[in-house]
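All values below come from the heavy atoms of this structure, side chains included, with hydrogens, waters and symmetry mates left out.
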Amino acid sequence: MQKIIYRKDDIIVSTALFKTARRTYRISDIEKIAIKRPLLWFSLPIALGSFALLSNFQSYLYVHERWFCMAGFILVPLIGWFIATLNVTSRAYTNDLAAIGWMPTLSAARNALDTVIFKTKYRADVISHEE
């Protein structure tokens with residue numbers, strides 16, 4: 001019987017399965033879990049360009065253009081920081097993009113996966129060493 005450890009939006013972590021909107025993985029097949037922030041690297045040049053535009057051409061810009069530049073160098077990196085991807089490496093998929101979402105949600109899912117995987121691996125090691 002499966003016990004659900006974590007459930008949020010379309011991510012479900014149980015004692016036997018990890019289910020996302022894209023795929024379902026068996027816990028025993030998962031080898032590695034990684035959280036990445038790919039949008040952060042794309043947002044930094046936009047932020048630097050917006051800051052440079054605002055600092056060099058401030059006297060030539062209209063008020064709404066100044067606000068747009070300030071939003072570009074403040075909000076875009078924040079959004080890039082909070083949007084992340086959860087990648088799963090399993091026996092069937094070498095490096096699969098499992099979920100895209102808010103960093104706190106994916107971090108909590110990863111912690112739940114780590115807990116379940118550690119308990120499963122530890123239980124398997126204890127059983128194999130006792131034999």
### Side chain proximity check, Lys36 to Asn87, heavy atoms < 4.5 angstrom
yes

### Task
Check Asp10 against Ala21 and note the closest heavy-atom contact, atom names and distance.
OD2-CB, 2.9 Å

### Query
Can you tell me if CZ on Arg26 sees more than 12 non-hydrogen neighbours from other groups inside 6.0 Å?
no

#### Entry: Close side-chain approach of Asp114 and Ile33, heavy atoms under 4.5 Å
yes

### Query
Is there a chain of hydrophobic side chains (I, L, V, M, F, W, Y, each step under 4.5 Å between heavy atoms) that links Ile74 to Leu48?
no

### Query
Can you check whether Lys19 reaches Ile11 side chain to side chain, under 4.5 Å on heavy atoms?
no

### Heavy-atom side-chain proximity of Lys32 to Val88 below 4.5 angstrom
no

### Task
Indicate yes or no: at least one non-hydrogen side-chain atom of Ile27 is less than 4.5 angstrom from one of Ile117.
yes

### Query
Any side-chain heavy atom of Asp9 within less than 4.5 Å of one from Trp102?
no

## Note on the structure
To the nearest 0.5 Å, atom CG of Leu53 lies from atom SG of Cys69 at 4.0 Å

### Same cluster (ILVMFWY, side-chain, under 4.5 Å), Leu113 and Ile5
yes

### Query
Which residue pairs pass the side chain to side chain donor-acceptor pair (under 3.5 Å) test with at least one member in residues 42-55, sequence neighbours excluded?
none

### Task
Give a yes or no on whether the backbone of Met103 and the side-chain of Ser107 come within a donor-acceptor separation of less than 3.5 Å.
no

### Query
Do you know which two heavy atoms are closest between Pro45 and Phe42, and how far apart they sit?
CD-O, 3.5 Å

### Task
List the atom of Ala84, the atom of Arg37, and the distance in Å for their closest heavy-atom pair.
CB-CG, 4.3 Å

#### Entry: ILVMFWY network linking Ile35 to Val13, side-chain heavy atoms under 4.5 angstrom
yes

#### Entry: Under 3.5 Å donor-acceptor, Arg7 side chain and Ile12 backbone
no

### Message
Check for me, please, whether Ile46 and Phe73 land in the same ILVMFWY cluster - side-chain distances under 4.5 Å, paths through other members count.
### Response
no

### Task
Might you confirm whether atom CZ of Phe51 has over 12 heavy atoms from other residues, nucleotides or ligands at distances under 6.0 Å?
no

### Query
Under the 3.5 angstrom rule, does the side chain of Thr20 hit a backbone N or O of Ala98 as a donor-acceptor pair?
yes

### Task
Report the distance from atom CZ of Arg23 to atom CG of Asp96, rounding to the nearest 0.5 Å.
4.0 Å

### Nearest-0.5 Å distance, OG1 of residue Thr105 to CD1 of residue Ile100
13.5 Å

### Task
Verify the cluster assignment for Val63 and Leu61: are they in a single hydrophobic cluster under the rule of side-chain heavy atoms below 4.5 Å apart?
yes

### Task
Hey, can you tell me if His64 and Tyr62 have their rings parallel, tilted or perpendicular (30° and 60° cut-offs)?
parallel

### Task
Ignoring hydrogens and angles, tell me if any N or O in the side chain of Arg66 forms a donor-acceptor pair with the backbone of Gln58 under 3.5 Å.
yes

#### Entry: Nearest non-hydrogen partners of Pro77 and Gly72, listed with the distance
CD-O, 3.7 Å

### Summary
Taken to the nearest 0.5 Å, the spacing of Leu40 CG from Leu44 CG works out to 4.5 Å

### Message
In terms of relative ring orientation, are Tyr25 and Phe18 parallel, tilted or perpendicular, with 30° and 60° separating the classes?
### Response
parallel

